[in-house]
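Before anything else, here's the structure in question.
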Amino acid sequence: MSSATDRLSTATGRIDQSLQPLADVYNRLFGDYFGEMNGLQFVLIFGTAAALLTAPFWGNFGLVRAMTVAAIWAIFAMSWDIQSGYTGYISFGHSVLSGAAGYTTAMLIHNVNPELSMMITIPVSIFAALVVGLLVALPSLRLTGPYFSLITFVAVLIFYRLIPSFSQYTGGETGIQSVEVFTYAPVARYYYMVVPMLLIAVVLTLIARSNIGLILMSIRENEAAVNAAGINATKFKIFSFALSSIPMGIGGVLLVHFSGGVDPTTFIVVDRSIEMIAIAVLGGMSSILGPLGGAFFLIVLRDYILTDIANLGSSIRWTVFWALVLLVLVFARDGVFRKLWHGLDRIGGDRR
Amino acid sequence: MSLLEVDGLTKKFGGLVAVDDFSFDVEEGEIVGLIGPNGSGKSTVFNCIMGLYDVTDGSITFNGDDITDDATHEVVNKGLSRVSQESNPIQEMPVAGNIKLFTLPNSIRSFYGGASEEEIYEYAARIDIEDKLHEMPSELPHADVRRLEIAKSLATEPELMLLDEPFAGMNQAEIAELADQIEGFREEGMTMIVVDHNMGGLMELVDRIVVLNNGDFLAEGTPEEIAENERVQEAYLAGEGL
Ligand SMILES: Nc1ncnc2c1ncn2[C@@H]1O[C@H](COP(=O)(O)OP(=O)(O)OP(=O)(O)O)[C@@H](O)[C@H]1O
Ligand SMILES: [Mg+2]
């Protein structure tokens, strides 16, 4: 077996070597901020970015539509990751954050003024996600252990029950469907989603690779050591939730202008929170880019490959989705994309 | 004014009085030994000083500052640091990363602060693990894991360092080397409290010994005085001996 990988790495090592000069330019300029990579890893990252940015030119309608949805879920999964994946305080309630943003946009249009400009509704909605995030985080993150997870879970249940109670404002079960979409043109619509997603990916990666990421990860591994280092772990836990709430708000706004409205099933139900976790876990928790990969993998599979190509019904598609997540949990707990990344590290040539 | 003043410290766990009206002072530049049989409350005293436990009664003053109710990170930032009895390095990070964490500022805006590679090397060199910087904690022998704990503590630049059984599990050569290094820290201006079960390792090292027994203050004096103190000998008679 090892001789097979050896032979593989002689071949890939050569490819890696030829790409190393390019990777080195990158490493010199950005390595300190994003981490260094070898030639193969360089191709994976920039090849993926190029593929994402050119998708409408090589993909068909169904694929591009699935990738549009995937971009939004990638934002959710990365946002969940910078908080739950890094600190180990697992949130089961992140859909309240995107839901807060989506509902704020829709309710402003429905209840206040249908003519309200996006210049107003978008920042207000993102701010609403941040406020809700702090409302959840401030009391709960002072606690250690499972209480935090339970509180986030209960937050979703409360939000979900509040919607029908105020149905004249929230639209109840059917929601509010009068929100303007960004555009109906599928190509333009794709870029409306994928460009913010890439920017969020860059910013969150930068943060994750900085001292902030190191502290958040240390909280997960040993919170007492963080305090003993003179660092206020509680402050950083709350900060990570704020850091997560803002891109969650952005994702919520994108989703409401993608679907043209809100309803509890699309935005709030706890299933949505669990899907965010599943995507992040499948891609590889605490890596930011892993969850991004996880979103495109799972959603393109579910909404394009199993739908358009395999023509399967909804229940089967979801069964496959969850079965895959289960397989990863059992056999590749570090996540598919983390495995791929370290695999490239091994089969690449020696660095320097 | 003493550097550290512990006054009437009491700590109860439910019905159990772990530390009972215990007082002692530490002067700047001193190395004080804190000894006592198993379960006498030594670690509890450290945990109270470090803000890990809420104290039941009494006060703790550091540099004239009341730190009784401070959180751990506040106590550390005021210049106190503790080497725990149990080592708990972060297994996912190499030695250098473990030390670096202890140099990071407590600020959510500080993306790239903290010690440089040279500074981390210096902290490690003060305790002789500078050639282990890239190893993972799980690869280190016991004595080096303990040294890493001390390096982390040094990295917070403490004025007063609390060492909880630093010699435990070390062999004679390692104990002698560590005692020399601790002496070296004192020469650099650091004050220290060293906890141990018995006086063996402390005899040469400390200026003064404070003895705890069942959470109570028992005696205080030079190592020679303590070695001859009859009440101390009695307290130890039941246990492992001085
Ligand atoms: N968190 C806690 N909860 C309940 N009881 C505790 C706790 N910590 C310590 N104790 C009790 O307080 C007493 C003093 O314990 P402590 O660990 O301070 O002793 P020690 O002098 O450090 O002992 P050792 O030499 O074994 O380290 C013991 O009876 C112990 O069982
Ligand atoms: Mg102890």
Side-chain angles (χ1 to χ4, degrees), chain A residues 30-35 82-83 85-88 134 137 141-142 144 202-246 284-287 333-334 338 342, chain B residues 46-47 49-53 70-84 86-94 96-117 123 136-137 148-158 161-162 164:
Chain A
F30 301 110
D32 282 351
Y33 301 102
F34 294 97
I82 193 72
Q83 184 273 322
Y86 274 81
T87 67
L134 289 176
L141 281 170
R142 295 176 186 281
T144 48
V202 169
V203 171
L204 289 183
T205 303
L206 200 66
I207 293 172
R209 298 287 176 134
S210 74
N211 287 343
I212 309 289
L214 179 65
I215 291 172
L216 298 183
M217 208 149 60
S218 303
I219 288 175
R220 181 185 69 206
E221 298 305 329
N222 189 340
E223 192 168 341
V226 171
N227 285 313
I231 298 162
N232 184 354
T234 301
K235 177 171 86 178
F236 276 86
K237 286 191 290 186
I238 292 169
F239 177 61
S240 78
F241 213 89
L243 209 55
S244 178
S245 301
I246 292 168
M285 263 162 71
S286 65
S287 64
R333 254 184 309 154
D334 288 344
R338 178 175 280 119
H342 291 313
Chain B
F46 276 8
N47 282 329
I49 297 174
M50 295 308 295
L52 255 91
Y53 293 160
D70 281 6
T72 303
H73 66 94
E74 293 170 315
V75 175
V76 172
N77 290 327
K78 285 177 180 167
L80 260 155
S81 122
R82 186 261 297 265
V83 178
S84 311
E86 299 86 22
S87 310
N88 58 355
I90 294 177
Q91 300 294 348
E92 282 69 16
M93 300 197 298
N98 269 285
I99 297 176
K100 174 156 188 177
L101 176 65
F102 280 69
T103 69
L104 298 183
N106 179 27
S107 159
I108 53 177
R109 285 186 303 266
S110 167
F111 278 47
Y112 300 104
S116 65
E117 275 178 38
Y123 289 125
M136 301 306 273
L148 170 57
E149 292 299 310
I150 296 176
K152 283 156 57 178
S153 181
L154 289 173
T156 66
E157 300 280 355
M161 185 150 85
L162 315 179
D164 201 342

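The basis for the numbers below is simple: all heavy atoms, side chains too, and nothing from hydrogens, waters or symmetry mates.
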Practice task
Give the intermediate values and the outcome of side-chain contact (heavy atoms from CB on, under 4.5 Å) for residues B:K100 and A:N211.
Solution key: CA-CA 9 Å; B:K100 174 156 188 177; A:N211 287 343; 3.9 Å; yes
Exercise for the section: Could you tell me whether a side-chain N or O of A:K235 sits under 3.5 Å from a main-chain N or O of B:N106, the two making a donor and an acceptor? Expected result: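 Pair found, side chain donor or acceptor close to backbone of B:N106.
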Practice task
Using non-hydrogen atoms and a 4.5 Å limit, figure out which bit of A:I207 sits close to chain B: side chain, backbone, both or neither.
Solution key: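 Looking at A:I207, backbone and side chain both touch chain B.
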Handout entry: Top contributor to chain A contacts, counting heavy-atom pairs under 4.5 Å, from B:V76, B:I108, B:T156
Key =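 Most heavy-atom pairs within the cutoff with chain A belong to B:I108.
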Practice task
Would you confirm whether A:N222, through its side chain, and B:N88, through its main-chain N or O, come within 3.5 Å as a donor-acceptor pair?
Solution key: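 Yes, because the side chain of A:N222 sits within donor-acceptor range (under 3.5 Å) of the backbone of B:N88.
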Problem - Test ring pair (Phe, Tyr, Trp, His ring centres under 6.0 Å) applied to B:F111 - qualifying residues, sequence neighbours left out - result: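 Per chain and number, B:F111 pairs via ring pair (Phe, Tyr, Trp, His ring centres under 6.0 Å) with no residue.
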Exercise for the section: Considering only heavy atoms and a distance below 4.5 Å, find which of A:L243, A:T234, A:N232, A:I212 pairs most often with chain B. Expected result: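 The candidate making the most pairs under 4.5 Å is A:N232.
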Problem - Minimum heavy-atom distance A:I231-B:P105, with the two atoms named - result: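 For A:I231 versus B:P105, the nearest heavy atoms are CG1-O, 4.5 Å.
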Practice task
Enter the distance from A:L214:CG to B:L104:CG here, rounded to the nearest 0.5 Å.
Solution key: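 A:L214 CG to B:L104 CG: 5.5 Å, rounded to 0.5 Å.
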Problem - Contacting moiety of B:M93, where chain A heavy atoms sit under 4.5 Å - result: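 For B:M93, the contact with chain A is made by the side chain alone.
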Practice task
Just give me the residue among B:G113, B:S84, B:G51 that pairs up with chain A most often, heavy atom to heavy atom, under 4.5 Å.
Solution key: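 Answer, by heavy-atom pair count under 4.5 Å with chain A: B:G113.
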